[in-house]
Peer 1: 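Got a structure for you, questions after.
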2 protein chains.
Amino acid sequence: MATDVLVAEPGATLATIASAAGVSRTTLHSHYPTRQALLRAVAERAMRVCAEAISGAAEGGGDVLARVVAALVPVGAHLAFLWRNPSFDHDPELGARWLEIEGELRDVLEVAREEGSLSADLPDWWSVHALFALVYVASENIFLGRLAPLDAPGLVLATLTSRRDAIPARIGRPR
Amino acid sequence: MATDVLVAEPGATLATIASAAGVSRTTLHSHYPTRQALLRAVAERAMRVCAEAISGAAEGGGDVLARVVAALVPVGAHLAFLWRNPSFDHDPELGARWLEIEGELRDVLEVAREEGSLSADLPDWWSVHALFALVYVASENIFLGRLAPLDAPGLVLATLTSRRDAIPARIGRPR
DNA sequence: AGCATTCTGAACATGAGTGTTCAGGATCGA
DNA sequence: TCGATCCTGAACACTCATGTTCAGAATGCT
C-alpha cells in the first residue's frame, strides 16, 4: 500500500510509490492526477482508518478507554503519516476532518470519565492530544522493535490513567 | 533563525531560508556547502539546545521533574524540527547523539523517581519517550494558541505523574 | 472472436531547486 | 587611505521529480 512507503519515506518519488504499489507510474497518474491528489487520498484514507478504530471501540460496554487505545495502536503508522507530513499543516479541509476525529475521541473519553477509568481533572482536549501522542510514541517503538505490540496499550493506559494494573508484567519495573 | 523557517516549513527553499536569515543565498552556501550540511547543522544545534535544557534543569535540588519539563516546553520547536524531519530518520550520527540526550533525560527521571515525584512503575525508557511526546504536544498547542505557555508544564506534569496539584487552576476541570 | 477497458513502457517537455562561479560592493581594522 | 575579509546579485549548468502523451500489450466481458 502507498501508505507504507509514504510513512517510511514521506518524500518518496512517484516512481517509488508506484512500483511499491505494483503499478506503473502512468497508471498511478491516471488514478491520481497529481502528487498532491495522491497525498490527499492517502491522508483521507488514514483518517478514515483512525475514525473507524475509534468508533469501533466506542461500541460495547466495559472498559472503553482500554478498547480505544488498543484499537489505535495498530493504526499508529497512519497517525505517523498524518502527523509528520508537512503538506497537511495548512490544509483547511483535512484540518477540519481531523477536528471531527478529535471530537469523536473526545466523546469516547467522556464516556471513559463517566466509567471512572479516566481522571476527570484534565481538560478533555488535552486528554485527546495526550492520548494520540502516547499512542504514536508507542507505535513508533513497536516499529523500532523496542516494544512488544501486546504491551503497548498497557503502557499508554498506565501513563494516561496511572492505573498500575494496566502495566504489562513483562516490562513493568520491580516494585 | 533558520530553525524557525525549517520548523514551519521543512521543505523550505534555500532561497527562503537565506532571506529569512537575512543573508543572500550565496553567503548561505559559503557557510553550508549543501542543503544537507545546513540541515545537519540546525539539527545539531537543536539537539544541543535540548541537551542544555535538560542538564540545566538537572542542577539544583527540589522538584527536578517540574524543572526539566518547564525547561523543555520552550524548546518544543526544536523538538518539532528533529521529530518531523524525515531526513534524520536514518542518520546514524544524529541518532546516536539523540540517544545520548535520551540518556541524560533518563538520568534526570531517575532522580525524580528517587524524589518520589515520578512513579517507579513504568520502564524508564518509556517515561523518557512519553515525556518528550507530551512536551511536544504541549508546545504545539501553545503554537496554535490553544494553551497558555505558563499552563503547559502543569499539564504535562499532571499527565505524567497524576499529581493533581500540578494542574493549572485556569484550565483544570471542575472537580 | 470481437470489443472495451485498463495497464504499460517509453519518450518528451517543463519547472524548480541546487550548487558553482565571478565581478563588484560593503564593512572594518590598521 | 589601504587592504583584507565578507557579502551580494546575477548568471549559468545540472539534476531530478513531475506531468503529459501515445502506441501497443494485457485483461476481461459477451
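Reckoned from all heavy atoms, side chains included, excluding hydrogens, waters and symmetry mates. Proteins come first, then strands; the chains are lettered A, B, ... in the order of their sequence lines, and each starts at number 1.
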Peer 1: Tell me whether the side-chain N or O atoms of R25(B) pair up with the base of dG19(C) as donor and acceptor below 3.5 Å, since no angle test is needed here.
Peer 2: yes
Peer 1: May I have the distance from Y32(A) (atom OH) to dC7(C) (atom P), rounded to whole angstrom?
Peer 2: 11 Å
Peer 1: Spell out yes or no: do the side chain of T26(B) and the base of dG9(D) have one donor N/O and one acceptor N/O closer than 3.5 Å?
Peer 2: yes
Peer 1: In whole Å, what is the span from the CG atom of L39(B) to the C1' atom of dT18(C)?
Peer 2: 13 Å
Peer 1: Is the side chain of T13(B) donor-acceptor paired with the backbone N or O of A15(B) at a distance under 3.5 Å, no angle test?
Peer 2: no
Peer 1: Could you tell me how far apart Q36(B) (CD) and dG19(C) (P) are, to the nearest whole angstrom?
Peer 2: 9 Å
Peer 1: Is the W83(B) ring parallel, tilted or perpendicular to the Y136(B) ring (thresholds 30°, 60°)?
Peer 2: tilted
Peer 1: Where does the angle between the aromatic ring planes of F132(B) and W98(B) fall among parallel (under 30°), tilted (30 to 60°) and perpendicular (over 60°)?
Peer 2: tilted
Peer 1: OP1 or OP2 of dA17(D) less than 4.0 angstrom from a side-chain nitrogen or oxygen of T13(A), does that happen here?
Peer 2: yes
Peer 1: State which of dG19(C), dT8(D), dA17(D) makes the closest approach to the side chain of L14(B).
Peer 2: dG19(C)
Peer 1: Could you check H31(A) against G11(B) and say which one's nearest nucleotide on DNA chain C is further toward the 5' end?
Peer 2: H31(A)
Peer 1: Measure NE2/H29(A) against P/dC22(D) and give the value in whole Å, please.
Peer 2: 16 Å
Peer 1: Round to a whole Å and report the spacing from CZ of R35(B) to P of dT20(C).
Peer 2: 15 Å
Peer 1: Rounded to the nearest angstrom, tell me the gap between atom CD1 in I17(B) and atom P in dG17(C).
Peer 2: 11 Å
Peer 1: For E93(A), I'd like to know if atom CD has over 12 heavy atoms of other residues, nucleotides or ligands within 6.0 Å.
Peer 2: no
Peer 1: Can you tell me if T27(A) touches the phosphate of dC7(C), counting only side-chain N or O atoms and a distance under 4.0 Å to OP1 or OP2?
Peer 2: no
Peer 1: Among dT18(D), dT8(D), dT18(C), which nucleotide has an atom closest to any side-chain atom of V23(B)?
Peer 2: dT8(D)
Peer 1: For atom CD of E115(A), decide whether the heavy atoms of other residues, nucleotides or ligands shown that lie under 6.0 angstrom number more than 12.
Peer 2: yes
Peer 1: Rounded to whole Å, please give me the gap between CG in L38(B) and P in dG17(C).
Peer 2: 16 Å
